[in-house]
Amino acid sequence: MTQLDFPSSLTNSERAFIHRLTQSLGYVSKSRGKGSGRYLTVRKKDGTEASRSIMTCNLSHNSKHMVQSLLQRFPITNKERSELQPRTERAVFTSPDASGESPTAEDTQTQRASPQPANVILCVNESLIPQFLLDDCCRSGIPCRIFCTQPRRLATIAVAERVAAERGEKIGQTIGYQIRLESRVSPKTLLTFCTSGVLLRTLMSGDEALSTVTHVIVDEVHERDGLTDFLLTKMKELVQKTPSLKLILSSATLDVNLFVRYFGACPVIHIKGCPYEVKQLFLEDILRTTGYTNKDMMKYKKEAQKEERQQTSLTEWCDARLDVLQPEAPREKTHTCVLQENDLLDDGGDSVFSQMSEKDVATLEPWLLREMDACISNIFLNQDADAFVQLFNLILNENISVDYRHSETSATPLMVSSGRGFLSQMEQLLSMGANANAKASNSWTALDWAKHFNQTEAVDLLESHIWCVEAGQLDESSLVQTAASELNPEDQELLKAYHHSFDDEKVDLDLILHLLSNICQSSDEGAVLIFLPGYDEIVSLRDRILFDDKRFTDHQQRFQVFILHSSMQTSDQKKVLKNTPKGVRKIILSTNIAETSITVNDVVFVIDSGKVKEKAYDALSNVTMLKMVWISKASALQRKGRAGRCRPGVCFHLFSRLRFNNMLEHQIPQLLRMPLQELCLHTKLLAPVTCPIAEFLSKAPEPPHLNTVKHAVQMLKTIDAMDPWENLTELGYHLADLPVEPHLGKMVLCAVVLKCLDPILTIACTLAHRDPFVLPAQAAQKRAAMLCRKRFTANTFSDHMALLRAFQAWQKARSDGWERAFCEKNFLSQATMEIIVGMRTQLLGQLRATGFVRARGGGDIRDVNQNSENWAVVKAALVAGMHPNLIHVERDSLSLMGSREKKVRFHPTSVLSQPQYKKIPPANGQAAAVESLPTDWLIYDEMTRAHRIASVRCCSVVTPLTVAIFAGSAKLPSSALQEPAVHRGADAVNDSSDSEVEDRSSARLAHISIDDWLHFKLHRETAELMFGLRQRWQSLFLRRIRSPSKSCSQLDEATIRSLVSVLLAEEQSAGLQQPTGIGQRPRPMTSDDPPQTPASRSAAEQERSSPDRPRLASQLKNHRALHCKHLGDESGPVKSTDGPSSPTSGTWLLTDVWLLLMQRCSSPLRSSVRYFIMKSSNMRNIDLSQQRGIWSTTPNNELKLTRAFVESSAVFLIFSVQGSGHFQGYARMASAVSGERCLDWGSTGLGGVFGVEWIRKEGLPFQLTQQLLNPWNDNKRVQISRDAQELEPQTGSQLLQLWERI
C-alpha cells in the first residue's frame, strides 16, 4: 500500500496528531477540502522528497544590524540588479576575418580535407632539423622564421642555449626562446624555441599571428601531453588554410602510423640515432649477476614450505564454513564492541610515537600467539563478535600489528571479519590502519573473502575503502605466476622471492643503491643517470646517498649528485650539463624529463626504475589521482638510449623481460586521462566562434570521450566561466590565464577580492599538486600520521587548515635548517613542499602580470592580505571556489548527503573522520564524527564513488551563511528569492497544506534557491538581508573581475568590511575557533622564494639559515635613511619641481629606486618584457636621442619607467612624434632615470635623463598597425596612446615584429 486515506470525521486535534506522527516516521501527510469535506491522506515520500534536505540559515542580531547598515547606505541599484540577472539571449560574436557570407559546400569540403602531404613531415630521431632549415634558407636567400616547441619549460631553455652555443652566438639574437613569464627574443630572432603552451597563446590572438612563420616544429611528439595534442589539432586546421606553412613532427619513438593516418600520407624521414651499443640487463639478470638479496627474500625462501601448510589449513577452514554457512545474515549485525567504553583517548603528547614500532611476530611470546590465533579462529569459525574485545585489547596494549596473521592459515583479522560480515569491526580495523590489500596464503585479499562468502555489504565497504586509498595495479607476483612457462626455473624463483618481499607500488631504493655501489666499484668513470617516478623518490634517494648510506657518505669526494625535474631552476640545470673534475663521478637523479628533453653526453650507465607518475582522471567521479604506472616500451627504449652517447653503455632495467613484453607500446595520451576544464577554456580562444567545444576536440589525433567533454563544459558553466551558449565570460578569460584548474583559479581570484590571498595561494597550490602527508606502511605509524595531521588543524574541523599550517610550519623549519627531520617527524613529503613553493611563485607572478596584484599602493601584496589572518574569510573564498562540492549534514539520521549522493562517508585520511582521536576507534565512528560537527555544512575537494558508497576527502566545516552568500552562480533569476506563502494568499495554506500544524509556520518562511539543490528556508527579514548581502558580494566580485587593477571604491571597502564582520560573527556563533598566525609568512624565508634543490644538503641548510637577506634589506634601508638625512629631509621623499635645474626630482626618484631594490631583494625577480609608447612633440628630440642614446620623460612617468626597468628583464620604448602618422622606431631602456637634466631638449617640463639603446630607427606607418589593439588601454589602437602608455606584452611584441616587414 502506497497511500492511506483517513475519514473526514477526524477533529482538528486528531488530524494534527496524525500529521506529527507521520512526519516523525518519515512519511508525507496532506489535508484537502474544508469543513465536513476535509480529508487527510498519508503516503511514502518519493525519491525527490526523500533526498531534499531542510536547509536553514539564521543571522545573529549583530549581523542583521551590520547588513542593514550596509544596504541602507549602499542600496542595490537597478543597474546592479540587471547585471546580476542571467542572460536570456545569446551574444552575437563575429570572427575578425568574417566576410558575412556563408561557406559554400565546396569551401566546407576543402576545410575538411587533409593537409597537403608536403606541408606535414614526420621525422624520427633528429634534433638538428631547425638548424638544417635555417642554414638552407640562408644559403638560398629564402625568408625563414621557425618556431620549435618543447613539452617543458626547462627543455625549451636547454635546447635553445645549446643551439645558440653550437652556432657561436648569444641567446636572444638569431636563436631565442620564449616560455611563460620569460622571454629571450629580439627582432633579429629567426629560430624561437618555446613551450607548446606559448605557441597556443600566440595562436589565440588569431591565425594571422603566424603569418610570417615558415616552419613549425613540434618536438618530442611521442610524449603525447595534452597541450601538444591540442596544438596538433589546431595546426592541422591552420596548415589547411596556409599552404606556405610547413609542419614538422619530430620524435625518436614516434607512433608513425597514427600520425600518417591523421595528417594524410605525409612523408616520413628516418635518421639513424645512437652510434654506440648499449647493453640491457633486466631484473632477473641483475638479481642473478649481482647476487642481490634482502632480509625478506631470505625469509621467503625459508618459509616457502610453511606457506604451503598454511594454504592447506586455510582451504580446510573455508570448506568447513561453507558446509555450515546459513543463508540468513550473521548475528553480528546488532553487535558492537564493548571495548569502546574503555577506549584510551590520546593525550596529545608523544605516547603514540612510543608505539609506532609494532612487534615482529618472531618476537611475540607463545601465549600472545595462542591468544591472537584463538581470537581470529573464534571470529571466523564461531562467528563470535565478543572475540574482538580481546583482539583489540591485545593490539592496543601489547603492540601487536593490526595485520597479524593466523599462525596456521595466514588470515588477518580484517580477512575473517570480511568473510563473516562484521561491518562495525571492519570499520574499526580499517581506521586502525589494516591493510585491505594484504593477501592470505591462497592469494585472497579481504575483498575476496567477502565475495566468496557473499557478504555484499562488506564488499561495498571494502571497495569504497580501496578506492579511497588508491590501490595500485602493479602486481608483479601474479604476472610471474601466470606466465611461468616463459621463464627458466632459476629466474622464476628469483622473481618470486623478490616480488614477495617488495611492494610493487614503490621503487626499490635499496636495489638502486646496491647497483650504484657495484658500478662505482667496477668502473672508474662514466656518469650514472637514474630514472625515478617523481620528485619524492628523487629526494629520498638523494638523502640516502648524501647522509645515510656509508658506502657513499665515506667517499663523498668521489661523486657529485645532481637532480633533474621540471620545476628546477635553470641555473641548477646548467650544472648538470657541465663536466665534473677528473676522478669525480656524476650521479644524476631524474624524472622522465631526461628521456628526451635534456641530453647529458657523458652518461654511460642508466638505471631505469621502469615507473612514472601520471595523473589519471575519472570523469564519472570527477576525481584526479596521481598514480604510479609502468612506462611504455617506447619510453624504456628512450631511457636505454641515454647511455652510450660517447662510448658503449649499460642500461639496468628494474623490471623483468616479462614485464617489458607486457608493457604498452606507447603511453596513453594525456588528453584521454586529464580533466578537460582548462583545455575547454583554451578551446574557446582557439576554435572558430561557431564551432562547439566538443566538435573541435573531436578532431584531435585521439579525441577524448564525448561525455568527458560535456562534463567539463557543464562544470565551467557552473562556476560562471562560460554562459549557457559556451561563450567565455569575463571570469572565464581570467581563469584561462591562471596555471591552475579553473575552480581553483576562481578561489584565488575571490581571495584577491576578499583580501586573504596568501593562505589561499598555499591551499590552492596544494590541492592542485597533491596531499603533502605521506601514508606509512605500518598500521601503528598510520595512526601516528593521522594524529600529526589532526594536530595541524588546531581544532578547526578543517583538512584545509591542516594543509596550510603544515606548509607554514615546514617553512619555519626550513628557515631554521631542520626541514628534513621535521618532515620525518610529521609524516610529510619534503619534495611535495618544495614543489608547492614553486607553484605559489608562478601563480603569484601571473596575478601580478594580469594586474590583480599591483607593485605598490592599493591592491599591492599587503593590501590583498589584509584579511589573511581571518579564517572565516579564507573559508568564504574556499566555498566560492569549491562549489558545487558541498555536503549537508542530516541531523536526524546522523548522515551526510551531497547534491547527487544520498550516502556519503568521510575519507579515511580526513581529520573529520575521527572527532576525538582514539587509539581504537568507536564501532559507529562515522555517526560519531557526523554528530560532533558544529554546523550543517561541509566543503570537500574530491569525492570517490564505489557502488553505493561515496567518500569525501579534504573537508572543512563552514557556516550556512557562507554557503548562502558565496556558493553558486553570481547571476540568479528573480525567482531565486521567494516571499513566504502566507504573504501570497491565505487560501493557499488552508486548501493544500501538507500539515495544518507544521505548514502554518513553514508558510511564513521565505525561500532562497541558489541552484537545483541549495534551497534555504528562513524568515522573511533574514532572507531579504541575506539575499541583499549576496548581491552586494557578487556585484563587487564582477566589478573587480571586469577591472582587476582598478582601486577599490568606498562601496567596495564597505562591502568587504561588512562581509568580514558578518562571517566572523557567524563563525563565533557556531562555536568555531579562529586560529592565529595563518596569514603570516615566517622570516627570513618567504613562500615566494623559488624552490632550492642543491647538490649538497648541508650547503642548502646554511644558505637557508643565512641572515644575509635581512641584513641586505637593513643596509638598503639604512642607506636610504642616510641619503634622506643628507638632503636635509628626514620625513620622506622630496617633491619634484618643474624647474630645469631642480636637484630634488632626481633624488626623490633615487629613494624610490632604493625601495624598489629592497622589494626586489625580498621577492623573486620578474623576467617579463615590458613595452611603452613614448610621445614626443618634435623630431628634434628623436634625432638627439638617437645621437646621444638618452631620453627624458615627464616627472609623472619617471617612477613608472624606473619600476619597470628594475622589475623586468627588458623594457622596450616605441617612439612616436605627435601628428607624424608614424612610429619613429624603438629602443631598449638601458638605465633607470637619473637626477641629471638635458638642457638641449626642444620641450619644457621634462625630468631626468636615462639611457636608451636604439634598435630600429625606421619609420613605421600607422596604416600597418591598424589591426593591433591594446587591451590595457580599453582595446584602442596602439597609435592612440598617451605618453608612457604601457602595451599588453603580446601586443607590444607584435608591434616590434612589424618592423621586419619594412
Side-chain angles (χ1 to χ4, degrees), residues 153 156-157 170-173 176-187 189 192 194 198 201 569-571 737 739 841-857 859-861 1044-1045 1088-1090 1149-1150 1152-1174 1189-1191 1193 1196-1215 1226-1234 1248 1250-1255 1270-1273 1278 1281 1283-1297:
R153 303 171 77 252
T156 302
I157 299 173
K170 292 182 179 180
I171 195 73
Q173 297 180 359
Y177 68 81
Q178 191 165 353
I179 59 178
R180 189 168 191 153
L181 301 179
E182 185 177 345
S183 176
R184 293 290 299 276
V185 295
S186 69
T189 302
T192 303
C194 63
V198 165
R201 288 275 170 191
Q569 300 299 300
T570 309
S571 57
D737 280 334
T841 302
Q842 184 183 12
L843 184 53
L844 183 58
Q846 189 62 38
L847 291 173
R848 283 174 169 151
T850 51
F852 280 100
V853 179
R854 304 173 70 181
R856 181 182 290 183
D860 67 359
I861 193 67
S1045 56
D1088 294 336
D1089 291 335
L1149 186 60
L1150 184 60
D1152 289 272
V1153 172
W1154 278 114
L1155 284 175
L1156 290 171
L1157 291 172
M1158 288 169 61
Q1159 181 181 357
R1160 186 173 186 175
C1161 290
S1162 60
S1163 62
L1165 290 174
R1166 292 180 60 181
S1167 302
S1168 57
V1169 179
R1170 310 270 294 270
Y1171 304 85
F1172 293 85
I1173 300 290
M1174 305 306 297
I1190 58 172
W1191 189 252
T1193 185
N1196 292 335
N1197 295 327
E1198 288 180 344
L1199 188 56
K1200 179 204 294 189
L1201 290 176
T1202 298
R1203 182 186 296 129
F1205 177 78
V1206 171
E1207 294 176 344
S1208 309
S1209 62
V1211 177
F1212 288 103
L1213 308 177
I1214 299 98
F1215 295 85
Y1226 69 90
R1228 181 170 180 157
M1229 191 172 176
S1231 72
V1233 181
S1234 70
F1250 55 94
V1252 294
E1253 298 173 355
W1254 279 84
I1255 299 173
N1270 185 11
W1272 291 359
N1273 189 24
V1278 291
S1281 300
D1283 187 33
Q1285 167 68 55
E1286 186 169 4
L1287 300 180
E1288 187 269 335
Q1290 189 169 337
T1291 303
S1293 176
Q1294 292 174 352
L1295 178 57
L1296 264 57
Q1297 291 169 10

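Looking at every heavy atom in both residues, Leu843 comes nearest to Pro739 through CD1-CD, 3.7 Å. The two residues Ala1284 and Phe1172 make their nearest non-hydrogen contact at O-CD2, 3.6 Å. The shortest heavy-atom contact between Leu847 and Thr850 is O-OG1, 3.3 Å. Considering every non-hydrogen atom in both Arg153 and Ile179, the closest pair reads NH2-CD1, 3.5 Å. Considering all non-hydrogen atoms of both residues, Met1229 and Thr1202 come closest at CE-N, 4.4 Å. Nearest heavy atoms, Pro187 versus Ile1255: CG-CG2, 4.5 Å.
Residue Glu1286 is tested with Arg1203, Arg1170, Lys1200 for a salt bridge (charged side-chain N to carboxylate O under 4.0 Å, His left out); the sole match is Arg1170.
Side-chain atoms of Ser186 and Phe1212, non-hydrogen and from C-beta on, never get closer than 4.5 Å to each other. Counting heavy atoms from C-beta outward, Ile1214 and Val1278 have side chains that stay 4.5 Å or more apart. With contacts defined as side-chain heavy-atom distances shorter than 4.5 Å, the pair Val1169/Ser1209 qualifies.
At distances below 3.5 Å, at least one donor-acceptor pair connects side-chain atoms of Asn1270 with backbone N or O atoms of Glu1288. Between the side chain of Glu1198 and the backbone N or O of Gly1248 there is at least one donor-acceptor pair closer than 3.5 Å.
Within the model, atoms OH of Tyr1226 and CD of Glu1253 stand 12.5 Å from one another, a figure rounded to the nearest 0.5 Å. Within the model, atoms CG of Asn1197 and CD of Gln1285 stand 10.0 Å from one another, a figure rounded to the nearest 0.5 Å. Taking OH of Tyr177 as the start and OG1 of Thr156 as the end, the distance is 10.0 Å to the nearest 0.5 Å. Here CG of Leu1296 is found 11.5 Å from OG1 of Thr1291. Values are rounded to the nearest 0.5 Å. Here the straight-line distance linking atom OG of Ser1293 with atom OH of Tyr1171 works out to 4.5 Å at 0.5 Å rounding. For the atom pair CZ (Arg854) and CD1 (Ile861), the distance works out to 13.5 Å, reported to the nearest 0.5 Å.
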>> Could you walk me through whether Ile1190 and Phe1250 satisfy the side chain to side chain contact (heavy atoms under 4.5 Å, CB included) test, starting with their C-alpha distance in whole Å, then the side-chain angles of each, then the deciding distance to 0.1 Å, before giving a yes or no?
In response: CA-CA 5 Å; Ile1190 58 172; Phe1250 55 94; over 6 Å; no
>> Between Asp1283 and Thr1193, is the side chain to side chain contact (heavy atoms under 4.5 Å, CB included) condition met? List the steps.
In response: CA-CA 8 Å; Asp1283 187 33; Thr1193 185; 3.4 Å; yes
> Passes side chain to side chain contact (heavy atoms under 4.5 Å, CB included), Arg1228 versus Val1211? Steps please.
Replying inline: CA-CA 6 Å; Arg1228 181 170 180 157; Val1211 177; over 6 Å; no
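Taking the six-membered ring wherever Trp is involved, the centroid distance between the rings of Phe1215 and Trp1191 falls below 6.0 Å.
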